[in-house]
Q: 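Dropping a structure here in structure tokens format, bear with me for questions.
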Number of protein chains: 4
Amino acid sequence: MNSIGQIFRVTTFGESHGAAIGGVIDGMPANITIDLNRVQQELDRRRPGQSAIVTQRNEKDRVKILSGLFEGKTTGTPIGFIVENGDQHSNDYENIRSTFRPSHADYTYTSKYSLRDHRGGGRSSARETISRVVAGAFARQALEQLGVTIYAYTSQVGHIAIDRDYTKYDPAMIETNAVRCPDSEVAALMHNLISEVKADGDTIGGVITCIVKGTPTGLGDPAFDKLHARLGAAMLSINAVKGFEYGMGFDGVGRRGSEMIDHFTTDSNGNISTTTNYSGGIQGGISNGNDIYMRIAFKPVATLLKEVETINDKGEPTILHARGRHDPCVLPRAVPIVEAMAAIVLLDAYLLNKTVHI
Amino acid sequence: MNSIGQIFRVTTFGESHGAAIGGVIDGMPANITIDLNRVQQELDRRRPGQSAIVTQRNEKDRVKILSGLFEGKTTGTPIGFIVENGDQHSNDYENIRSTFRPSHADYTYTSKYSLRDHRGGGRSSARETISRVVAGAFARQALEQLGVTIYAYTSQVGHIAIDRDYTKYDPAMIETNAVRCPDSEVAALMHNLISEVKADGDTIGGVITCIVKGTPTGLGDPAFDKLHARLGAAMLSINAVKGFEYGMGFDGVGRRGSEMIDHFTTDSNGNISTTTNYSGGIQGGISNGNDIYMRIAFKPVATLLKEVETINDKGEPTILHARGRHDPCVLPRAVPIVEAMAAIVLLDAYLLNKTVHI
Amino acid sequence: MNSIGQIFRVTTFGESHGAAIGGVIDGMPANITIDLNRVQQELDRRRPGQSAIVTQRNEKDRVKILSGLFEGKTTGTPIGFIVENGDQHSNDYENIRSTFRPSHADYTYTSKYSLRDHRGGGRSSARETISRVVAGAFARQALEQLGVTIYAYTSQVGHIAIDRDYTKYDPAMIETNAVRCPDSEVAALMHNLISEVKADGDTIGGVITCIVKGTPTGLGDPAFDKLHARLGAAMLSINAVKGFEYGMGFDGVGRRGSEMIDHFTTDSNGNISTTTNYSGGIQGGISNGNDIYMRIAFKPVATLLKEVETINDKGEPTILHARGRHDPCVLPRAVPIVEAMAAIVLLDAYLLNKTVHI
Amino acid sequence: MNSIGQIFRVTTFGESHGAAIGGVIDGMPANITIDLNRVQQELDRRRPGQSAIVTQRNEKDRVKILSGLFEGKTTGTPIGFIVENGDQHSNDYENIRSTFRPSHADYTYTSKYSLRDHRGGGRSSARETISRVVAGAFARQALEQLGVTIYAYTSQVGHIAIDRDYTKYDPAMIETNAVRCPDSEVAALMHNLISEVKADGDTIGGVITCIVKGTPTGLGDPAFDKLHARLGAAMLSINAVKGFEYGMGFDGVGRRGSEMIDHFTTDSNGNISTTTNYSGGIQGGISNGNDIYMRIAFKPVATLLKEVETINDKGEPTILHARGRHDPCVLPRAVPIVEAMAAIVLLDAYLLNKTVHI
């Protein structure tokens with residue numbers, strides 16, 4: 001299904017080259033003042049053409065809110081929205097109508113549905129994430145009233161990585177460079193790598209780190225809906241994501257339990273906290289109030305700007321001359337998408353947790 | 001909620017020291033012949049006391065099927081089942097009634113629910129996974145009729161790891177050692193490490209690799225319900241899991257797109273396949289018929305058999321003397337749980353995919 | 001939530017006087033040829049201003065499909081659509097901004113959400129049903145390929161009713177009069193009654209009968225999701241509906257079991273059918289292949305075109321001078337809505353039933 | 001699916017002659033003190049053999065709670081429960097193994113699933129409602145803390161009916177007779193009718209009226225999940241139910257809007273109420289704080305204790321000699337089931353409504 005969330009439920013629709021991308025935000029709490037400029041700003045962070053290292057498509061991506069807002073506030077009714085598709089070079093894609101691009105969704109969509117809208121990847125296009133960014137921007141404004149803040153950044157491009165300890169970095173630095181990396185020096189190296197890869201007509205992957213601060217205790221459920229399981233599903237549903245970890249993640253498997261325990265402490269006011277946060281803010285699937293930190297792995301995307309051997313839908317060999325304007329590295333534009341998915345999951349978990357007591 | 005799946009939906013209940021653990025399997029296809037011995041065998045693979053390197057609790061874990069089977073076949077109606085809790089040393093846990101064990105769910109459960117059944121971890125106990133293994137064993141028998149087979153193994157304990165390429169290993173070797181590692185020599189090293197850790201009253205983490213063979217094309221959905229997002233959520237919902245990756249996962253982020261493309265090829269019968277499988281059997285969120293391979297990171301569990309400083313529910317410092325019989329390393333017993341979660345997700349995706357065409 | 005259906009899932013958004021009404025149709029089967037003119041025709045049957053006995057608002061209600069169709073066929077991806085709100089006399093409603101209209105949703109919405117969009121009833125406006133008619137028109141085109149046809153008609157207005165036996169009437173007659181009643185003579189009486197009620201500034205209720213022919217056997221689930229429970233919920237969710245019955249309904253409670261049994265018979269080809277259809281096409285919650293027939297009760301709507309005493313949101317008495325252009329009787333325009341809801345439920349049940357066998 | 005509810009979600013399993021009937025109550029609020037005797041009392045009101053006018057099967061129907069309770073309180077984790085099936089005369093049903101009983105679910109189940117457990121109706125048996133009564137008894141105890149009370153009674157058997165105005169009757173009278181009708185004189189007539197019908201080996205239908213008092217304002221959703229749509233679906237999912245109405249229901253269709261308006265009034269404390277309650281406590285799908293009243297139509301059940309002509313699963317004619325011990329009229333035993341369904345829906349709606357505001 002094309003929905004996520006149980007209470008705060010986001011449904012998206014739209015193909016890359018259809019009339020519009022859009023969605024419905026259901027379960028948005030009532031009476032929240034919404035700054036629509038900030039919604040648009042999040043879209044602008046995701047927008048193509050924003051820097052030299054991303055795709056040069058000129059998509060304006062202006063959101064229109066169709067319902068659910070009244071005199072600047074949410075009414076509790078569903079928020080319908082659309083973003084019209086402009087600047088469509090559909091002809092750029094005529095050559096892939098009957099061609100299966102390798103490591104794309106062309107073959108699997110055709111297998112599943114018997115037909116597909118091939119233009120710009122159709123439904124498999126990352127333009128679908130526009131709707132997620134809009135929904136996330138609404139969720140974020142509700143979460144801020146609860147003291148929850150979310151930020152993400154590019155922590156690795158190819159083999160160039162900054163330290164895994166997020167506490168070393170100032171989130172205010174993230175937007176100071178096109179890569180969205182809080183370490184300016186490393187950002188410059190990453191930028192160079194992306195430019196180099198782009199010049200080769202190639203692509204490169206990386207890692208985005210995401211942090212949630214101020215989460216109330218109690219969010220998440222004990223069994224299948226552990227908070228990190230929901231976060232993981234949300235992140236893994238972003239195009240090109242191949243891995244997810246939180247807390248110590250894969251690095252923690254080599255350690256002993258005695259090295260990873262987060263000891264409790266009590267301050268003079270009786271407030272309970274832990275002296276460390278190896279757990280990543282979630283214990284037994286439920287938030288404990290500490291920072292939630294996660295790492296999300298993005299593969300290098302498969303659209304190369306060079307000739308690629310492939311087959312057509314009759315199984316015959318053919319040569320793919322990829323046209324279009326593509327991202328050599330999706331990380332910089334994926335940062336607001338990761339934040340949006342975190343916001344969607346967190347607000348849903350917050351609302352669900354309200355139902356634990358009568 | 002305590003359910004997973006949209007069509008094949010599994011709901012579980014039960015605390016470690018209550019009368020029984022159990023669940024309901026809804027959406028089980030009708031007319032499938034079920035071998036109940038094989039269901040019990042899966043439980044036996046998960047059972048405590050099966051070897052020297054797991055907890056020595058003596059839990060029989062016999063499953064009773066209460067409904068949904070008639071003369072050896074599924075009827076299409078829900079399958080209710082229970083596994084009675086025996087061998088309960090509830091008094092082992094009296095000392096944690098008002099104590100918060102560090103890096104456990106004691107504090108977060110109490111924050112969320114205001115009270116908790118402290119005995120044996122209550123609902124946060126990994127005994128909940130018994131119900132998953134039962135449900136997975138049903139799913140697996142349906143999947144086998146479709147040619148889908150699933151296996152998992154311990155691929156890393158602490159820093160001792162086998163090669164990431166699963167094709168090097170014979171699944172028939174997995175059950176030949178207590179670690180459930182298909183490389184006997186490495187398994188012996190892992191076994192020694194676990195014994196050593198156990199002697200120290202400590203614990204150790206690791207990685208389980210899971211492979212699904214024979215998946216039909218077309219399983220999974222384009223947006224939020226990408227097949228790997230569902231698999232990831234399922235795996236991340238297992239106790240102690242901190243990370244999930246599929247295909248090239250985190251390792252792929254350092255590579256260029258041109259190194260990771262799975263080129264298509266057509267055999268003499270016109271069947272389409274790919275010459276490599278960097279994608280891990282899923283493209284655009286939808287299975288392409290190749291092997292699905294995944295890696296799941298387990299942290300070292302937090303129950304140490306030594307004194308640990310912690311606090312009680314008043315925030316006062318106290319010393320925890322963990323009693324009970326605990327696993328120094330959960331990996332060997334988690335192998336059948338990982339397989340069960342894969343089976344649950346795959347069967348659900350298969351059934352959902354039947355609704356794409358009228 | 002603002003969604004209905006488990007596989008074929010329709011989500012709607014929109015207020016009466018917002019920018020647009022719309023929705024998302026998820027789970028629409030792939031590869032179905034869609035005649036968009038027929039979608040628009042269904043909307044035209046629901047449209048205000050279509051006759052002298054309905055509201056004279058001049059709403060064009062043109063549907064725009066934004067996604068999910070490619071070269072005339074459904075692609076299996078979600079169908080986003082909007083219907084822009086035109087001809088808005090928002091000022092007609094300024095007087096009810098702080099007034100609670102009796103027997104409307106003004107008070108309950110304000111209680112629930114703390115605020116409401118008062119213009120034209122906001123989300124509680126029956127304009128929301130536009131989205132249902134669009135979704136139903138898609139469902140219907142899929143169902144027709146399966147041999148399922150649906151029609152409804154006005155069977156009672158006030159105390160003027162036609163015979164309960166639907167087999168006496170020719171569905172081709174329904175659209176021959178503005179009331180949508182298949183008996184022309186009775187339709188004329190109904191028409192007169194509505195005109196009379198309208199002249200009084202009053203309103204009147206009635207009953208719509210709905211018939212589904214050609215339903216395959218096996219649709220519906222045994223327990224909570226009995227086919228008639230789903231149909232009932234769908235019909236009861238239409239504005240102004242106060243009752244639902246199927247088969248013999250309330251009339252059957254006075255009879256003995258021996259008078260109501262549908263005896264089986266077998267034709268020379270071995271096909272099983274029943275000699276009567278007291279059950280209304282559903283037994284044990286599951287369709288048996290016979291006609292499904294239902295009756296849906298609509299109350300007289302509460303918007304009177306005369307002065308009405310009421311209170312404002314401070315609880316103070318005030319006089320309501322209803323403006324706007326309202327329906328004296330909603331039945332004629334509700335006929336396509338009832339058909340749409342039946343189609344939505346039936347297609348969902350059909351798709352779900354495909355998952356019973358592997 | 002075999003579940004109902006979005007937050008307070010009840011899943012049931014079990015066949016009439018399997019090992020046990022049972023279910024899982026998920027989303028039960030934490031920290032509610034539960035009186036298990038009252039849960040059993042509700043089951044006893046549903047139990048066979050409780051009077052001369054119901055089936056004489058001797059089913060003890062003792063509920064065992066397996067999880068989710070700790071020291072007398074709910075823990076917020078799922079409540080698993082079973083009721084073992086005793087007194088099974090499975091051989092009574094051997095003759096229907098390959099026979100389709102008319103107006104039963106035998107044919108539709110076989111069509112849907114290809115096989116069925118024929119003993120005692122299998123999953124289509126009304127024994128499934130045991131699980132609903134258990135779940136309802138839990139919901140009711142939570143609702144009582146919120147001031148919500150629910151009662152139902154038999155208001156019609158055959159053509160013998162009491163007044164539709166529920167305010168004329170004292171709920172304390174309901175349990176004073178076996179029919180569960182609050183008017184003792186009419187109850188005696190109903191009793192006689194049932195005895196007469198039973199003597200004829202026949203069955204008779206009727207109507208149950210259900211009242212909910214003390215509902216907070218704000219429960220229910222605007223579009224598909226109107227409170228009465230959810231109540232209607234719940235009631236229609238009970239075996240043998242053919243119709244549902246609330247407020248003025250079908251009787252209201254003959255009236256004019258001006259006769260049915262519930263005028264607002266304000267008391268000296270500023271509390272808003274209405275002077276009448278034609279609406280039945282729900283406006284625009286949302287509760288307004290008034291009494292909710294509903295009527296539910298039950299058909300005469302199809303199991304006659306006389307010879308009935310029917311066919312077998314090969315389509316050949318045969319004579320059915322119904323054995324077993326059956327209800328001539330299900331109304332008396334259905335009263336607690338109706339109450340349970342109301343409680344399940346109300347608690348779910350209450351919990352969902354908590355998520356409207358952050």
Side-chain angles (χ1 to χ4, degrees), chain A residues 1-2 4 12 100 102-103 105 108 111-112 123-124 128 158-159 202-207 217-218 222-226 228-229 232-233 236-237 242-245 247 249-250 252-254 256-258 260-264 266 270 272 279 283-284 286 288 297 299-302 304 310-311 315, chain B residues 1-2 4 12 100 102-103 105 108 111-112 123-124 128 158-159 202-207 217-218 222-226 228-229 232-233 236-237 242-245 247 249-250 252-254 256-258 260-264 266 270 272 279 283-284 286 288 297 299-302 304 310-311 315:
Chain A
M1 309 302 287
N2 292 275
I4 189 169
T12 72
F100 294 147
S103 289
T108 54
S111 295
K112 186 180 186 76
R123 180 69 180 157
S124 72
E128 185 266 344
H159 291 297
D202 214 328
T203 62
I204 190 80
V207 175
T217 58
F224 300 108
D225 292 339
K226 290 182 168 75
H228 54 267
L236 287 158
S237 78
K242 303 295 278 189
F244 169 86
E245 60 182 358
F250 280 89
V253 306
R256 291 191 170 203
S258 56
M260 298 255 293
I261 281 181
D262 293 314
H263 287 280
F264 286 108
T266 313
I272 293 170
S279 298
Q283 290 178 326
I286 298 171
N288 69 356
K299 70 167 185 176
V301 288
L304 311 183
T310 191
I311 60 168
Chain B
M1 310 302 287
N2 292 277
I4 189 168
T12 72
F100 293 147
S103 289
T108 53
S111 295
K112 186 179 186 78
R123 180 69 179 156
S124 71
E128 186 267 343
H159 290 297
D202 215 329
T203 62
I204 190 80
V207 175
T217 58
F224 300 108
D225 292 339
K226 290 182 168 76
H228 55 267
L236 287 158
S237 78
K242 304 295 278 190
F244 169 85
E245 60 183 358
F250 279 89
V253 306
R256 291 191 169 202
S258 56
M260 298 255 292
I261 282 180
D262 292 315
H263 289 280
F264 286 108
T266 312
I272 293 170
S279 299
Q283 291 178 325
I286 298 170
N288 68 356
K299 71 166 186 177
V301 288
L304 311 183
T310 191
I311 60 168

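In what follows, chains are A, B, ... by sequence order, proteins preceding strands, each numbered from 1.
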Q: Under the side-chain contact (heavy atoms from CB on, under 4.5 Å) rule, collect the residues that match up with A:Thr108, sequence neighbours excluded.
A: A:Ala105, B:Gln283, B:Ile286, B:Asn288

Q: Is a side-chain N or O of B:Lys242 found less than 3.5 angstrom from the main chain of A:Ser279, in a donor-acceptor match?
A: yes

Q: Between A:Arg256 and B:Pro300, which heavy-atom pair has the shortest distance, and what is it?
A: C-CG, 3.7 Å

Q: Between A:Gly315, A:Gly243, A:Gly257, A:Gly284, which shows the greatest number of heavy-atom pairs under 4.5 Å with chain B?
A: A:Gly257

Q: At their closest point, which heavy atom of A:Phe250 faces which heavy atom of B:Phe244, and how far apart are they?
A: CE1-N, 3.6 Å

Q: Distance from B:Leu304 atom CG to A:Ser258 atom OG, nearest 0.5 Å?
A: 6.0 Å

Q: Give the member of B:Thr217, B:Thr12, B:Ile272 that has the highest number of heavy-atom pairs under 4.5 Å with chain A.
A: B:Ile272

Q: Got A:Pro102 and B:Asp262 here, is their nearest side-chain heavy-atom distance under 4.5 Å?
A: no

Q: Work out which heavy atom in B:Val253 is nearest to a heavy atom in A:Ala297; give both atom names and the distance.
A: CG1-CB, 3.7 Å

Q: What part of B:Lys112 is in contact with chain A, defined as an atom under 4.5 angstrom from a non-hydrogen atom: side chain, backbone, both or neither?
A: both

Q: Considering only heavy atoms, which portion of A:Asn2 lies under 4.5 Å from any heavy atom of chain B: side chain, backbone, both, or neither?
A: both

Q: How long is the straight-line distance from CD1 of B:Ile261 back to NZ of A:Lys299, given to the nearest 0.5 Å?
A: 8.5 Å

Q: Name the member of A:Ser111, A:Gly270, A:Ala302, A:Pro222 that forms the most heavy-atom pairs with chain B at distances under 4.5 Å.
A: A:Pro222

Q: Specify the closest pair of heavy atoms between A:Lys226 and B:Ser237, including all atoms of both residues, with the distance to one decimal.
A: NZ-O, 2.8 Å

Q: If you count heavy-atom pairs under 4.5 Å between each of B:Gly205, B:Gly254, B:Gly218 and chain A, which one has the most?
A: B:Gly254

Q: Would you mind telling me which of B:Gly247, B:Gly252, B:Ser124, B:Gly249 has the largest number of heavy-atom pairs within less than 4.5 Å of chain A?
A: B:Gly249

Q: Quick one: closest heavy-atom pair of B:Ala229 and A:Ala233, and the distance?
A: CB-O, 3.6 Å

